[in-house]
Structures are given as structure tokens and as C-alpha cells.
Amino acid sequence: MTPDEWLKKYVTILTDLGDKTSKSEATISYGPHTLLKIIAVYYYAEMFAKIAKGEKARSRGYDAAVYLDLFAGPGLVAVDGIGDFVAGSPIAATSTKYKFDYSIFVEIDEDRAEALRKRLSQYLTQDRFEVLTGDSNAIVPEIISKIKSKCKKPIVFAFIDPQGMEAKWSTAKQLSAGFKSLDFMINVTSGAARVAGRIQSGKVGDRPIFEDFFGQNAEEILTKINNGVRVEAIFEDGVKDVLGRPQGETISICDSGNRVMYHLLCYTRESWTGSPWAQGFRELKKQIELADGVSVRRMLDVVRKRQSPL
Ligand SMILES: C[S@@+](CC[C@H](N)C(=O)[O-])C[C@H]1O[C@@H](n2cnc3c(N)ncnc32)[C@H](O)[C@@H]1O
């Protein structure tokens, strides 16, 4: 498959899901590069659920595949400046051909949470999902016990997609301690990099955000930032070492050329599933990094037949 064919396949999946999804509730809007993030979630969720529901997982005693979306949004994303709608991460992750047994979504904004509840009920039966309205940092213990009350040995995929630094480090740590078999996809946005940049240039006003985010490790991390370590590298080390998920890739998502908007950290623990997993990560990184917001926008035009195929 050429890079264009790969991108077309996934842009088509997201726009088809967007077409099918109710438009009458709240939406959010982001630039075309956001599709690359949602494609990454779709791709990872499909690969994850296929393995988590497979024979090998069953024979190891895993009894459920669980999807956790801590910054879920309303389920439908409007693409800035175009008017197209695509599925947001909750609908994308749960609409691949391999289904999760159970999913939990958390959204702090009541209108968005309600919109998501309605939209998901188009796709999933009520016993398969729950939308919690609230601050995911505050309710993570509740989330862990909900999952544990439903399954004995779950295998969990957690997507953490804040806009800036709203997801606290302690949230990922609690999840990591709660579930042995949990994979992370964490979006470190350019918002977090900007905060780090401001601190580095001596603006102390942003320190509380960092301190709140990193808790007791803040001082050590601020020293690293002041020594020029990039914020995504700090996160990457944290996910590998502190959270104990050493295998995976950090994927850069650009809006135009090399201008990075998101670093998607996709990490798992030492793989019990062997090489297909690592290959999947590598393939995802390769394809996502060949595209940018400009090529996604062009592909939306092709898929929507506003422009003839290249
Ligand atoms: C980047 S958007 C998520 C987009 C979504 N993942 C998608 O692909 O469609 C971040 C969302 O997190 C919500 N949010 C912000 N702080 C939150 C918190 N502490 N707990 C839960 N949700 C939060 C925002 O209201 C917003 O809808």
C-alpha cells in the first residue's frame, strides 16, 4: 500500500463514521492534523483488541479487553475551516472490527459528556460502556474499581488525550499500578511543550502548572527542562521507566512540514505477544510521520470528491 492509499483508507473510515454519527449534540473542532491522532488510536485499538481477544490472551487467563478514554470529548470532531465531521477517539476506538468487552469514557464538560453518551448509544449496547462526567484525575480510583468489579484479569488500553497539561502524572501512575496489563497512548501536546519552553526562558508563572502536574517529581523535572531536555523526552522516560512500559514508539504529529503539534507516546510492557506488536507500532509511526495536516486536508478533499484523486 502506498502512503497515500494508507492515508485514504483511514481518512475514509473516520469520515464514514462521522457521517453516521448524530450531529445535533455538542462537537469540538480541531485542525486536520487531529485526524492523524484519531487514526493512530483507531489503528492501535484494532491491533490491541485483536490480540487481547485472541487465543493466546485467553490461554493466559485474560478475561476482558477494556478501553479507557480519560479525556474523551463529545465523540464527534469538526475539522477546522472545512466543515467535515469525523469520529472522535471514543467512536473510532470502539468501531474497529475487533470489539472491546467494556469501555469507560471520562469527560469533564457536561454537554460534551451527554453528547458522547447519546452518540455512543448509536454504536454500543448500554452494558458495553459507561460515560463518566468528571475530572479523570480525581476519579481514577473509581475507574479502577469499576473495571475490577467487572473482570478478574482485564487487558486495558488507556488513551490519555488532554489539550494541555490537564492530565496529571499521578493519574497514569495509579492506572499503571492498578493493572499489570495496560498499554498507554498518551498525547503530549504542543501546549505542554510551550509551558516547558516558558519555564525554560525564566517565566516562573507557569511553574505551578508543572508542579501540579508532576507532583513530587516536579523539581527534578524542572531542572531537566532548564538543562534543555525536551518535554516529550521527559514523558517518554517516565512512561518507560516509572510506568514500566518500555516497548513502543513516540510518534510525532505535524500540522505542516516538521511543525510538531502532538507527540503520541504509545507504550506497552515487555511484549508477551511477540514481534507483531512491535511491528505494528513501527508501521503506525512510519505511516503517521509520512503525513501532516496538509496531506490530511488534501485527502479529505479527495475522499469528499472536492478534488480528483492524485
Ligand atoms: C483534546 S480533547 C479530546 C478529544 C478526543 N480524544 C477526540 O479524539 O475526539 C480533550 C477533552 O478533555 C476534556 N477535559 C479537560 N480536562 C479534563 C479532565 N480533568 N477530566 C476529564 N476530561 C477533561 C475537555 O473538555 C475536552 O473535551
Side-chain angles (χ1 to χ4, degrees), residues 10-11 13-15 17-18 21-23 25-45 67-80 84-96 103-120 123 129-144 146 157-172 174-175 184-195 209 212-213 215 251 253 255 261-266 288 293 296:
Y10 288 101
V11 167
I13 290 171
L14 295 190
T15 50
L17 285 168
T21 303
S22 156
K23 310 282 177 305
E25 298 82 16
T27 58
I28 40 172
S29 121
Y30 292 108
H33 61 275
T34 290
L35 271 77
L36 295 172
K37 170 183 76 181
I38 306 172
I39 289 171
V41 180
Y42 180 96
Y43 184 100
Y44 198 151
Y67 176 63
L68 190 51
D69 199 327
L70 293 187
F71 293 79
L76 192 68
V77 176
V79 187
D80 280 344
D84 289 334
F85 288 100
V86 295
S89 58
I91 290 176
T94 55
S95 297
T96 81
S103 303
I104 294 185
F105 306 88
V106 189
E107 171 54 51
I108 203 163
D109 178 289
E110 277 183 26
D111 289 345
R112 290 182 185 172
E114 190 46 33
L116 181 60
R117 243 172 240 122
K118 290 203 179 125
R119 291 192 172 113
L120 280 168
Y123 294 93
F129 79 96
E130 188 164 1
V131 178
L132 305 173
T133 311
D135 175 356
S136 43
N137 300 301
I139 62 176
V140 74
E142 184 191 329
I143 296 167
I144 294 172
K146 265 183 196 291
F157 172 30
F159 180 41
I160 301 183
D161 184 25
Q163 228 152 275
M165 299 195 75
E166 309 90 272
K168 297 212 173 96
W169 185 242
S170 60
T171 299
Q174 287 176 70
L175 283 176
F184 282 106
M185 183 181 263
I186 302 179
N187 187 13
V188 179
T189 66
S190 50
R194 271 196 299 276
V195 172
I209 304 180
D212 191 29
F213 183 89
I251 302 176
I253 293 186
D255 65 346
M261 302 301 283
Y262 310 136
H263 288 283
L264 271 190
L265 274 50
C266 312
I288 294 284
V296 170

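These numbers come from a predicted model, not from an experiment. Just follow the structure's listing: the first ligand is 1, and inside any ligand the first atom is 1.
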[atom2] on [Y] to [atom1] on [X], rounded to 0.5 Å:
X: Thr27; Y: Phe85; atom1: OG1; atom2: CZ; result: 5.5 Å
X: Asn137; Y: Trp169; atom1: CG; atom2: CH2; result: 13.0 Å
X: Arg119; Y: Thr21; atom1: CZ; atom2: OG1; result: 7.5 Å

Quiz item: Mind checking whether Phe157 and Tyr44 have parallel, tilted or perpendicular rings, split at 30° and 60°?
Solution: parallel
Practice problem: Tell me which one of Ala115, Gly75, Gly88, Ala167 gets a heavy atom nearest to atom 9 (O) of ligand 1. | Solution: Gly88
Quiz item: Side-chain donor-acceptor pair under 3.5 Å between Tyr262 and Thr34, yes or no?
Solution: yes
Looking only at atom types and distance, does a side-chain atom of [X] sit under 3.5 Å from a main-chain N or O of [Y], one as donor and one as acceptor?
X: Glu107; Y: Gly73; result: yes
X: Lys23; Y: Gly18; result: yes
X: Asp80; Y: Gly31; result: yes

Which residue and atom name correspond to the protein heavy atom nearest [atom], and how close is it?
atom: atom 12 (O) of ligand 1; result: Phe71 CB, 3.5 Å
atom: atom 11 (C) of ligand 1; result: Glu107 OE1, 3.6 Å
atom: atom 8 (O) of ligand 1; result: Ser89 N, 3.1 Å
atom: atom 22 (N) of ligand 1; result: Ile108 N, 3.2 Å
atom: atom 20 (N) of ligand 1; result: Ser136 N, 3.0 Å
atom: atom 2 (S) of ligand 1; result: Tyr30 OH, 3.4 Å

Distance filter under 4.0 Å to [X] heavy atoms, resulting ligand 1 atoms:
X: Ile28; answer: 4 (C)
X: Asp135; answer: 18 (C), 19 (N), 20 (N)
X: Arg112; answer: 24 (C), 25 (O), 26 (C), 27 (O)
X: Gly73; answer: 27 (O)
X: Asp161; answer: 1 (C), 2 (S), 3 (C), 4 (C), 5 (C), 6 (N), 8 (O), 10 (C)
X: Val77; answer: 9 (O)

Quiz item: Between Ala72 and ligand 1, which residue portion shows a heavy-atom distance shorter than 4.0 Å: side chain, backbone, both, or neither?
Solution: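 It is the backbone that gets close, since no side chain atom is under 4.0 Å.
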Quiz item: Any idea which heavy atoms bring Ala92 and Ala87 closest together, and the distance?
Solution: N-CB, 4.2 Å
Practice problem: Could you go through the side-chain contact (heavy atoms from CB on, under 4.5 Å) check for Ile39 and Val296 one step at a time? | Solution: CA-CA 11 Å; Ile39 289 171; Val296 170; 5.7 Å; no
Quiz item: Do any heavy atoms of Leu70 fall under 4.0 Å from ligand 1?
Solution: yes
Self-check item: Min heavy-atom dist Gly134 to ligand 1 below 4.0 Å
Solution: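 Heavy atoms of Gly134 do come under 4.0 Å of ligand 1.
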